Each structure stands twice: as C-alpha cells, then as structure tokens.
Q: 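Okay, here's the structure, questions in a sec.
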Amino acid sequence: MVERYYLQLAEAEKAKRPVAYMLVGGNLTEIVRSFGYEVVFPEIVALNCAIKHKSLDNILQAEAQGYGLDVCGYVKNDLGLQSLGGDTPFGHIPKPDLLVCSFSGCYVYIKWWEALAETLGAPLFNFDVPYQRTEKPLKEDVEYMVAQLWDFIHLLEKQTGRSFDMAELKRVLERSRRAEELWVQYLDAGRNVPSPIEAYFEAVFYMFPINVLRGTEEAVRFYETVNQEVKVRLKEGNYPVPEEKVRLVVEGVPPYTNYRTFWDFFRKWGAVSVAATYPKVGGLFDLGFVHDPARPLESIAEYSLGAYVNQSWPLRRELIKKYVHDFQADAVLIHGIKSCRSFTAGQGDLRDWLIHETGTPTLYLESDHEDPRYFAPAQIKNRMDAFFESLEQRKSTAAAGAAAVSGVRVS
Amino acid sequence: MTLLQIHENRGSARVAAPNEEPSVPTMNLSSDLKEVRATRDLAQALKLTMELIQDSSFPTARAWVAGGGHAAAFFPVYTPQEIAHALGLLPVSLRGGGEDLEITHADAALGSFLCSISKSTLELAITGKLDPFGAFVFPYICDVSRNLEGIFSRLRPNAVTHMLHLPQNFTSASSVPFLVAEYGRLVEKLERLAGQRLSKDALADSLQVYNRRRALLADLAALRRSEPWKLAATELNLLERLGDLVPPEVQMPVLERALREVKERQRPKRDAVRVILVGPFCEQPTHDLLSLIEEAGCYVVGDELSMLHRWMGDVPVSGDPLENLARAYIRSPVDIGVRATPMPKGVSIVARAKEAEAQGVLFLTAKFCEPALEDVVLYRKGLDDHKIPYLHLEFEEKSTSYEQSRLQIETFVESVLFD
C-alpha cells in the first residue's frame with residue numbers, strides 16, 4: 001500500500017496531476033483530495049528516509065545550505081531532499097503546486113512551509129488552528145477555523161478551476177469516519193492482558209492510512225484486515241513478545257534512524273507498549289472524535305484541533321494518566337527528541353508529575369527522530385536496562401509481599 | 001523532592017531548595033516607584049535601569065505588590081499589556097534570567113535542547129523570584145513558550161496562567177473576531193486577579209497611554225537611526241527595557257527627558273558601519289555583547305530587541321478598544337520570526353536594511369531558537385542577491401567570553417569599510 005502510494009506520487013508530475021504538500025497534524029486531506037490533488041506529507045517522507053538510513057544525507061545537504069544544528073530534523077531532511085532533486089529509495093517526490101500549512105501544534109510548521117514557498121514558488125495557505133486548552137473545542141475557535149476553511153475552498157476552486165462538491169466531501173468524510181472507528185478498535189486491543197498489539201512500534205506502521213489515506217476505501221479495508229489479524233492473534237495467543245512482562249505507555253516520537261535497535265531494547269525485557277501518544281499526532285480518535293459527514297466543515301475543524309501536540313500540557317498529562325489506568329500499564333517511557341520542542345519541552349516536568357503525583361515509574365530518554373548523530377545506543381540501552389531491571393525487582397517484591405500476606409510461598 | 005515541592009517549600013516554609021542560590025542583596029523601592037521618577041538625568045536613569053534588570057527579584061513588582069497592587073508577567077515577544085494596565089495591574093515583561101542566574105532546577109523539567117530564556121524563566125519561578133506575580137501570560141511565539149504555560153500552571157496552581165494564541169492567518173476576515181474572543185479569555189482571567197471588571201473607558205485610556213509611549217520610543221529610535229553617534233544601542237535598549245519593569249506613566253518622563261538630552265548631545269561621529277540586528281526578538285543578548293558590537297565598529301541603526309514597543313503605531317481609541325487592539329495586531333506590518341511572513345523573507349530583509357540605510361546585517365540568534373534560525377537562510381539569500389554583507393553570531397544568556405565574537409565583528413567591519 002505504501003509502495004503504491006509513492007508510485008502514484010512519482011507519476012503525478014508526468015500525469016500532470018496537481019500536488020499539495022500537507023502536514024500531518026490537523027491536515028485537510030479530505031478537502032484537498034476532493035479537488036483531485038495528490039497529497040505529499042513531507043514529515044512522512046522524512047521518517048521513511050530516516051528508517052531507510054537516508055536522512056543524514058539530506059540533513060547534511062540542508063546544513064550545507066545554512067540550516068543550523070538546532071533546526072528540526074524533519075525540516076532539514078525535507079529541504080535537503082528538495083535541494084538534492086527529490087529522489088528517495090521509495091520513489092521520486094514531486095514538487096508542490098500548493099502548500100497547505102495546518103498550523104496545529106507545531107510552530108516550526110510555519111517556518112518550514114515559508115521556506116518551501118520561497119524556495120519552490122508554490123502558493124501557501126496558512127490554516128491557523130488555535131491551541132487546544134479546554135477538553136471540548138470552543139465555539140469561537142471552531143467558527144474561526146470554519147471561516148478559514150471556506151477561504152481555503154475558494155482558493156482551491158481558483159487553483160483548480162473546479163467547483164467545490166459538498167456531497168463528495170461528505171462521502172469522503174463518511175469513509176474517514178469508518179476508518180477512524182476501525183483504527184480506534186485496533187488501538188483498544190492494547191487493553192487486553194497480554195496485549196495482542198504493540199501500540200508504539202507496530203502502531204507507527206499502521207498510522208500511515210489514518211493520516212495519509214484517510215477518506216479512501218483503501219484505508220477502511222486496511223483496518224478491517226488489521227483488526228481481523230488482531231482477532232486471530234488473540235485466538236492463537238500470538239503476542240508481540242513471547243511473555244509480556246512489562247506493560248508500557250510510551251510518550252514521544254520514535255528514533256526512526258534506529259527504530260529496530262530501539263524496539264529490541266524493549267523486547268529484550270518483555271516490554272510491550274500498550275498505549276502511546278505518538279500514534280495520535282494526526283488526531284485523538286480514541287477520545288471519541290470521528291469525522292461527522294453531517295457537520296462536514298465543523299468536524300474537520302474539530303479534527304484539526306485534536307492533534308496530540310496541539311493539546312495543552314494539562315490535557316496531555318491527564319491523557320497519559322488515563323492511558324496508564326485504562327491499559328493497566330506498569331510504567332511510562334518518555335522519548336524526548338532534540339528536533340521537536342513541541343513534543344519535548346516539558347517532558348521532564350511530565351516525568352516529575354508522573355512519578356511524584358501519580359506514583360508511576362517513568363523513564364525519560366533523549367535522542368532524535370531524524371538525525372542518527374544524536375542516538376547513543378549504549379547509553380540508551382544502559383538506562384533502559386536499569387529501568388526495566390528495577391521494574392522487575394519492584395514487581396517481584398510486590399508479588400512476594402502479596403504472597404506473604406496470603407501465606408503463599410513464592411520461590 | 002519534586003519541582004513543585006521545591007517551589008512550595010521555598011515559598012512557604014522557607015526550606016532551601018537543593019543548590020539554591022545564595023541570597024543576593026536586592027533593591028527595595030517605594031510602591032509608587034518614585035526612585036525612577038527621581039532620576040535627574042539620562043545617566044542616572046540608565047544606571048538605575050541596569051540595576052533593576054540585574055536584580056532578579058523584580059524589585060518593581062515587589063514594590064507594587066507591597067503597595068497593595070497586583071503584577072502580571074508577560075513572556076516575549078508581543079502581548080496586549082494594555083489590558084493589564086487598564087485593570088490596574090503592573091504589566092512586567094519577562095526577559096530571562098540574565099548572565100548571573102545559575103540554572104539548577106529548570107534543566108530537569110525542560111530537557112537539554114532548549115533555549116536559555118525558557119530555562120531561566122522557569123528557574124526564576126522555581127526559586128521563587130516570580131512570586132510577586134499573580135498572572136503569567138505566554139504568547140504562542142514558539143512551541144517552547146506555548147509549553148511553558150502548561151508547566152507554570154502546575155508550578156503556580158493559584159496564579160492565573162494563559163497561553164495566548166495569536167493568529168497566524170492575517171488575511172482571513174475571521175482573524176479579528178477570533179483574536180477579540182481570545183483577548184476576551186485573557187481579560188476574564190486578569191479580571192479575577194485584579195478583582196474588578198475591565199471597562200471600555202479604562203481600556204481606551206490605556207491605549208492612549210501606550211500610544212504615547214510607543215511614539216516616544218519611536219522618536220528615540222528615529223533619532224538613533226539618523227544620528228547614531230548620539231545614542232548608543234545599549235542606551236536605547238535600556239530605555240526600552242525600563243518599560244518592561246515600570247508602568248508607562250513612570251517610564252515616559254524618563255523618555256521625554258532622554259529625548260531632550262540626547263538631541264543636545266555633542267558627540268563625534270565615528271567611521272562605523274551601520275547595521276541592523278536581526279534575531280534577538282525574544283531571548284536577549286547580554287549588555288556586554290551589545291556594547292561590543294558598537295565598540296567593534298558598528299552603529300546599530302535597527303534591531304529586534306524590544307519588538308513589543310514597535311509592533312504597532314497608534315491604536316484608535318474610539319469605538320471598541322478591544323477590537324481596535326486586536327485589529328492593530330493583525331494589521332501590523334512587523335515581519336519577524338514569530339509571525340507568518342506577509343512577504344518573502346529575502347524581500348523583507350532587504351527592505352528593512354534599506355529603510356534603515358544599513359550597510360550590513362548582523363544576525364544575532366539565540367542558541368536553539370528555531371523561529372530565528374530558520375529564517376536566516378532565506379534572509380541570507382535575499383542579502384546575497386542584493387550584495388548586502390552580513391554576519392551570523394549565536395549567543396546564550398550566560399555567554400561570558402566574547403573574544404571570538406569581537407574578532408568576527410571586527411573582521412566584518414573591516415570587510416565592509418574597505419570593500
């Protein structure tokens with residue numbers, strides 16, 4: 001499916017299909033697709049480059065152009081890739097005809113899209129998404145966004161010469177809704193003990209359709225298949241690790257450059273992520289939101305507000321606490337990355353809150369998602385080993401204590 | 001011990017936090033801040049301002065609160081402080097902890113890869129230096145400022161905190177109504193601190209006061225642009241920063257007197273390079289670094305050091321003052337890193353350099369400041385196209401050694417003068 005997507009993108013320029021660049025958080029994929037655009041998500045291209053160990057070449061190219069060490073790795077991967085011609089191991093990334101900046105949860109989005117607009121000369125639309133500071137969206141915020149969406153629709157009509165088709169948008173949103181419900185069904189499987197899913201490393205792969213192909217039948221079919229697979233896993237007792245010893249909630253962006261290595265550090269200890277925040281960067285569907293074809297633009301606005309990093313810290317803290325409780329997690333692992341201040345600024349405070357105000361064992365690690373120079377495997381492994389060892393000890397002490405109370409001897 | 005406990009213990013039971021800074025002598029002022037009014041000349045006013053900036057215990061806010069008032073703290077870059085003023089609060093601009101503050105607690109809360117100002121601001125809060133403030137406002141100028149509000153809401157649960165979402169869409173007809181609603185949320189919170197409702201008349205009066213202050217500062221900046229030998233960049237910076245700490249009514253007589261005094265100054269014109277400083281709109285370079293730039297052969301004829309005072313011109317006072325304030329923000333022509341750009345960066349920087357009749361551009365960006373760093377590449381391209389020379393320096397609050405910077409600036413100056 002991913003290959004097919006990139007193949008289609010690679011052919012877009014030859015086929016003269018218009019291309020829009022979009023960001024994952026708060027994206028407007030349904031509207032843009034309804035006007036016949038192919039959609040490129042440079043963040044996803046960047047993470048694919050990192051997994052394929054190609055991000056450093058692009059980053060170094062951007063640094064040679066003057067982008068400093070402290071600039072986000074996604075930005076540098078994309079700008080470097082553009083400057084190198086746009087060829088990746090998974091296909092050619094076409095130039096944009098339109099840049100859609102959904103300013104939802106990341107200030108760098110604005111700077112990045114400005115750089116693309118100035119470098120590539122494509123028109124830029126800024127969709128300003130207010131920061132989410134209350135559990136429910138505020139009426140004024142939604143009105144502001146709906147007004148902007150109409151401006152955006154008029155721009156698309158002008159760019160493409162096509163008329164906006166509300167009925168088509170509603171049909172697309174209906175497919176989005178179905179995919180979203182199925183995605184939540186998959187994520188909810190992490191509540192099982194043991195968990196049949198890996199809600200971080202595996203879910204990251206399964207995020208692709210919910211962010212990139214939302215609104216298509218393909219996305220719906222994908223999640224139907226995935227959920228069928230989860231059912232089989234449960235029936236056959238086929239779990240992510242042979243013996244689930246530690247149930248984790250994971251917060252933060254994965255180190256894509258060392259994805260497998262990082263995952264192995266978990267597996268060694270029988271640690272499984274049962275819930276994670278990162279797969280919610282495109283939307284917190286598990287909190288009850290799904291697109292509503294009966295309120296098309298309002299629900300798109302509400303969707304954009306709901307990107308995980310567009311939530312205030314009090315909301316993020318409570319969500320993680322809820323995950324720990326609802327998914328019966330033993331601990332929280334926080335992975336902070338150098339590149340992303342939006343995700344990371346305050347994660348140390350989160351650790352402090354989790355440990356001291358909720359009594360949850362928490363480990364905080366730092367590296368980067370795009371730049372392999374910031375991933376120190378030995379140091380990270382040492383810290384994880386020490387953390388998991390102490391958790392194991394804590395569990396056995398608790399089990400011994402419980403056994404002593406009940407008079408059962410524990411060997 | 002948790003960060004919260006450190007703060008609470010230090011605040012109430014006076015238990016020293018681990019590695020807490022030894023107490024330093026702090027300045028005590030009268031509640032009407034007559035000490036500022038009593039300064040006789042510019043030199044005295046600048047000296048006092050420097051002492052106020054260096055005293056991390058916020059003497060003006062302490063004095064104001066001791067006199068029965070309330071103080072509200074605002075993170076850079078732009079915030080509508082007129083609202084706090086109209087409610088009788090003392091608005092104070094947070095500008096970091098300066099070079100003398102030791103960071104011992106904030107690193108743990110914020111992580112490694114963040115700017116100095118975020119850490120020093122949090123450090124000030126954890127160690128009780130921000131206790132005089134009953135409100136903290138963080139505008140969405142970057143993700144770090146935005147996230148700080150969430151940390152402060154935990155650290156100071158009884159204080160008012162607000163993350164102010166300033167729009168980044170300046171073309172939508174809905175931007176002004178949204179910002180009015182957003183300001184309305186801030187008003188409600190500040191009213192709780194002030195213990196009174198905001199009246200339209202009071203806000204209109206405050207707009208007038210702030211208009212006058214902006215006009216005075218604009219006059220000083222214009223004077224520096226036309227005759228930079230008469231007013232050093234450090235002097236203008238201190239005059240502006242006095243307004244971070246005292247009400248405009250206290251600052252304005254100092255500004256009026258400074259204007260008169262500077263006009264009369266007889267100072268020799270130096271063979272210096274006219275430059276604009278780009279990048280330090282939030283975290284501030286040290287006074288020493290600013291001095292060095294001029295000592296090394298530059299006249300700073302434009303900068304981004306105190307954009308709060310330059311964000312807009314006169315705000316109309318008739319009609320709905322809150323809407324006028326919102327409209328002025330949306331319509332501002334200011335083009336800096338924390339605001340979506342209305343025109344290509346390269347065009348913008350060249351226009352700014354030409355308007356200031358600058359011979360070069362000094363990029364002065366804070367370490368880890370992405371909004372500033374990401375613009376530099378585009379700015380440089382525009383400057384290259386127009387053959388305008390530039391130099392890029394990075395700084396942190398705790399920079400102490402400037403030999404490398406001096407060398408770079410002197411080389412830059414020579415290359416411009418002898419080109």
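First the proteins, then the strands, lettered A, B, ... as listed; each starts at 1. Since the model is a prediction, treat every value here as computed from it, not as a measurement. Atoms considered below: every heavy atom in the structure, side chains included; atoms not considered: hydrogens, waters and symmetry mates.
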Q: Mind ranking B:Gly346, B:Ser153, B:Gly150, B:Ser118 by heavy-atom pairs under 4.5 Å with chain A and telling me who comes out on top?
A: B:Gly150
Q: I need the minimum non-hydrogen distance between A:Glu366 and B:Ser112, along with the two atoms involved.
A: OE1-OG, 2.6 Å
Q: Hey, what do you get for CH2 (A:Trp150) to OG (B:Ser172), rounding to the nearest 0.5 Å?
A: 14.0 Å
Q: Are the side chains of A:Asp70 and B:Leu373 in contact, using a 4.5 Å heavy-atom criterion?
A: yes
Q: Give, as side chain, backbone, both or neither, the part of B:Lys381 having an atom under 4.5 angstrom from any heavy atom of chain A.
A: neither
Q: Using 0.5 Å steps for rounding, measure from the CD atom of A:Glu118 to the CE atom of B:Met343.
A: 11.0 Å
Q: Applying the salt bridge (Lys or Arg N to Asp or Glu O under 4.0 Å) test to B:Glu370, which of A:Arg341, A:Lys111, A:Lys76 qualifies?
A: A:Arg341
Q: Considering only heavy atoms, which portion of A:Tyr67 lies under 4.5 Å from any heavy atom of chain B: side chain, backbone, both, or neither?
A: both
Q: So which of A:Asp151, A:Val108, A:Val75 has the largest heavy-atom pair count under 4.5 angstrom toward chain B?
A: A:Val108
Q: Counting only heavy atoms closer than 4.5 Å, note whether A:Gln347 contacts chain B via side chain, backbone, both or neither.
A: backbone
Q: For a side chain to side chain contact (heavy atoms under 4.5 Å, CB included) check, start with the C-alpha distance between B:His165 and A:Asp141, then their side-chain angles and the critical distance, and finish with the verdict.
A: CA-CA 10 Å; B:His165 188 100; A:Asp141 292 359; over 6 Å; no
Q: Let me confirm one number: the CD1-OH distance from A:Ile110 to B:Tyr140, rounded to the nearest 0.5 Å.
A: 7.5 Å
Q: Only pairs of heavy atoms separated by less than 4.5 Å count here; which of B:Pro177, B:Ser175, B:Ala181 has the most with chain A?
A: B:Ser175
Q: For B:Val338, is it the side chain, the backbone, both, or neither that has a heavy atom closer than 4.5 Å to a heavy atom of chain A?
A: both
Q: Would you say A:Glu157 has more than 12 foreign heavy atoms packed within less than 6.0 Å of its CD?
A: yes
Q: Most heavy-atom pairs under 4.5 angstrom with chain B, which of A:Gly68, A:Cys106, A:Gly66?
A: A:Cys106
Q: Heavy-atom cut-off 4.5 Å, strictly under: side chain, backbone, both or neither for A:Leu138 against chain B?
A: side chain
Q: So which heavy atom on B:Leu110 is nearest to which on A:Gly346, and how close?
A: CD2-N, 4.0 Å
Q: Does B:Phe138 have its ring centroid less than 6.0 Å away from the ring centroid of A:Tyr131?
A: no
Q: Of all heavy-atom pairs between B:Ser174 and A:Gln148, which one has the smallest distance, and what is that distance?
A: OG-CG, 4.2 Å
Q: Is A:Trp353 close to chain B through its backbone or its side chain, or both, or neither, when contacts mean heavy atoms under 4.5 Å?
A: both
Q: How far apart are the C-alpha atoms of A:Arg133 and B:His162, what are their side-chain angles, what is the distance that settles it, and do they pass the side chain to side chain contact (heavy atoms under 4.5 Å, CB included) test?
A: CA-CA 9 Å; A:Arg133 293 150 285 177; B:His162 188 74; 3.8 Å; yes
Q: Looking at A:Glu140, A:Arg317, A:Lys338, A:Gln65, which one has more heavy-atom pairs under 4.5 Å with chain B than the rest?
A: A:Lys338
Q: Please report the interatomic distance CG(B:Leu114) to OG1(A:Thr344), rounded to the nearest 0.5 Å.
A: 7.5 Å
Q: How long is the gap from OG1 on A:Thr119 to CG on B:Leu378, to the nearest 0.5 Å?
A: 5.5 Å
Q: Could you walk me through whether A:Tyr144 and B:Asn169 pass side chain to side chain contact (heavy atoms under 4.5 Å, CB included), step by step?
A: CA-CA 10 Å; A:Tyr144 173 43; B:Asn169 183 334; 3.8 Å; yes
Q: Is there a side chain to side chain contact (heavy atoms under 4.5 Å, CB included) between A:Asp352 and B:Arg154? Walk through the geometry before answering.
A: CA-CA 11 Å; A:Asp352 186 75; B:Arg154 176 174 171 238; 2.8 Å; yes
Q: Return the option, out of B:Arg146, B:Glu182, B:Glu374, with the maximum number of heavy-atom pairs under 4.5 Å with chain A.
A: B:Arg146
Q: Contact between A:Tyr107 and B:Pro371 at the side-chain level, heavy atoms closer than 4.5 Å - yes or no?
A: yes
Q: Look at A:Leu79, A:Ile337, A:Val71, A:Leu69 and state which one has the largest set of heavy-atom pairs under 4.5 Å with chain B.
A: A:Val71
Q: Using a cut-off of 6.0 Å, state whether more than 12 heavy atoms not belonging to A:Lys321 lie near its atom NZ.
A: no
Q: Is B:Val144 in contact with chain A via its backbone, its side chain, both, or neither, using a 4.5 Å heavy-atom distance?
A: both
Q: Any chance you could measure A:Leu350, atom CG, to B:Asn147, atom CG, to the nearest 0.5 Å?
A: 11.0 Å
Q: Where does A:Cys101 contact chain B at under 4.5 Å (heavy atoms): side chain, backbone, both or neither?
A: neither
Q: Give, as side chain, backbone, both or neither, the part of A:Val146 having an atom under 4.5 angstrom from any heavy atom of chain B.
A: neither
Q: Does any heavy atom of chain A fall under 4.5 Å from the side chain of B:Leu148, the backbone, both, or neither of them?
A: neither
Q: What are the two closest non-hydrogen atoms of B:Phe178 and A:Pro130, and how far apart are they?
A: CE1-CG, 3.6 Å
